Amino acid sequence: MSINWGWRIAIVYTLFALGTLSFVAFALTNEVDLVRPDYYEQGLQHDAHAAASARAAALMPAPSVDVNDQSTHLRITLPLSMVGARLSIEMYCPSMLHQDRTLQHVVGADGTTVVPLAGYARAPWIMTATWTHAGHTYRINHGFTVRR
């Protein structure tokens, strides 16, 4: 039994339409948390953030961020001249928007501050620390993964 060419075109068109509708339904029912809710505001601040990052990179000794092997805490070390500075720390989880948080810490007498990571999801994170000292704003970014 042979199918005439008109029916073949109708079958191909129907399969294409069903595939397209299936993909649209799939796309509309999946939640994607890949962009920050303040994406555009952050974009407008790009030049200021770049200048603050450049100032932080020029500090001696350079700021450092370390996560211990068990991912229980994150240690931020700044030059001793920054003792007492108030850090605004944004913890951003690209894959889970609802996990994002903003913390406030003060740099201790040894030039460090410790951020406990209890309750953080096992996922990649981006930490951004911003502070002001002597009228200048500084900013550091560090990506890490909570592995426990």
Side-chain angles (χ1 to χ4, degrees), residues 9-148:
I9 291 174
I11 290 170
V12 168
Y13 177 75
T14 301
L15 290 175
F16 175 76
L18 287 173
T20 302
L21 289 174
S22 297
F23 180 75
V24 168
F26 168 77
L28 291 174
T29 58
N30 282 315
E31 186 174 330
V32 179
D33 290 335
L34 296 179
V35 177
R36 301 170 63 127
D38 61 347
Y39 176 79
Y40 291 106
E41 292 83 6
Q42 289 294 319
L44 293 173
Q45 298 294 323
H46 179 74
D47 289 342
H49 292 170
S53 294
R55 275 191 292 278
L59 291 173
M60 289 298 167
S64 66
V65 180
D66 299 306
V67 179
N68 68 335
D69 292 336
Q70 297 80 26
S71 299
T72 58
H73 67 273
L74 177 132
R75 178 181 306 276
I76 301 169
T77 305
L78 301 177
L80 289 177
S81 62
M82 301 293 167
V83 168
R86 295 188 176 278
L87 296 176
S88 175
I89 302 171
E90 293 179 15
M91 302 297 273
Y92 171 60
C93 185
S95 60
M96 291 179 269
L97 184 63
H98 63 280
Q99 290 283 324
D100 296 353
R101 44 193 96 172
T102 301
L103 312 166
Q104 302 296 321
H105 280 259
V106 175
V107 178
D110 61 350
T112 67
T113 188
V114 176
V115 178
L117 298 176
Y120 283 70
R122 248 184 107 180
W125 288 83
I126 299 171
M127 182 279 314
T128 302
T130 307
W131 71 97
T132 302
H133 179 73
H136 296 289
T137 301
Y138 299 86
R139 179 182 178 98
I140 55 174
N141 294 308
H142 182 75
F144 66 96
T145 300
V146 173
R147 300 186 190 282
R148 60 169 159 67

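Note that the coordinates shown come from a computational prediction; the quantities given were computed from them, not determined experimentally.
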Out of curiosity, [X] [atom1] to [Y] [atom2], how far, rounded to the nearest 0.5 Å?
X     : Y      : atom1 : atom2 : answer
Phe26 : Phe23  : CZ    : CZ    : 7.0 Å
Tyr92 : Thr102 : OH    : OG1   : 12.5 Å
Ser88 : Arg139 : OG    : CZ    : 9.5 Å
Ser64 : Leu59  : OG    : CG    : 11.5 Å
Leu87 : Leu103 : CG    : CG    : 10.5 Å
Leu78 : Asp110 : CG    : CG    : 10.5 Å

Identify, with sequence neighbours excluded, every residue that meets side-chain hydrogen bond (donor to acceptor under 3.5 Å, both in side chains) alongside His105. Thr113

Tell me if a side-chain donor or acceptor on Asn68 pairs with a main-chain N or O of His73 at a distance below 3.5 Å. yes

Say whether, by atom type as modelled, one donor and one acceptor occur between the side chain of Arg101 and the main chain of Gln99 under 3.5 angstrom. yes

Closest non-hydrogen atom pair between [X] and [Y], with its separation:
X      : Y      : result
Ile89  : Ala129 : CG1-CB, 4.2 Å
Ala123 : Cys93  : CB-SG, 3.9 Å
Ala109 : Leu80  : O-CD2, 3.8 Å
Ile76  : Ile140 : CG2-CD1, 4.0 Å

Close side-chain approach of Phe144 and Met91, heavy atoms under 4.5 Å: yes

Counting C-beta onward and ignoring hydrogens, is there a side-chain heavy-atom pair between Asp100 and Glu90 closer than 4.5 Å? no

Identify every side-chain donor-acceptor pair in residues 130-138 under 3.5 Å, counting partners at least two apart or on other chains, and give the distances.
{"from": "His133", "atom 1": "NE2", "to": "Ser81", "atom 2": "O", "distance (Å)": "3.2"}

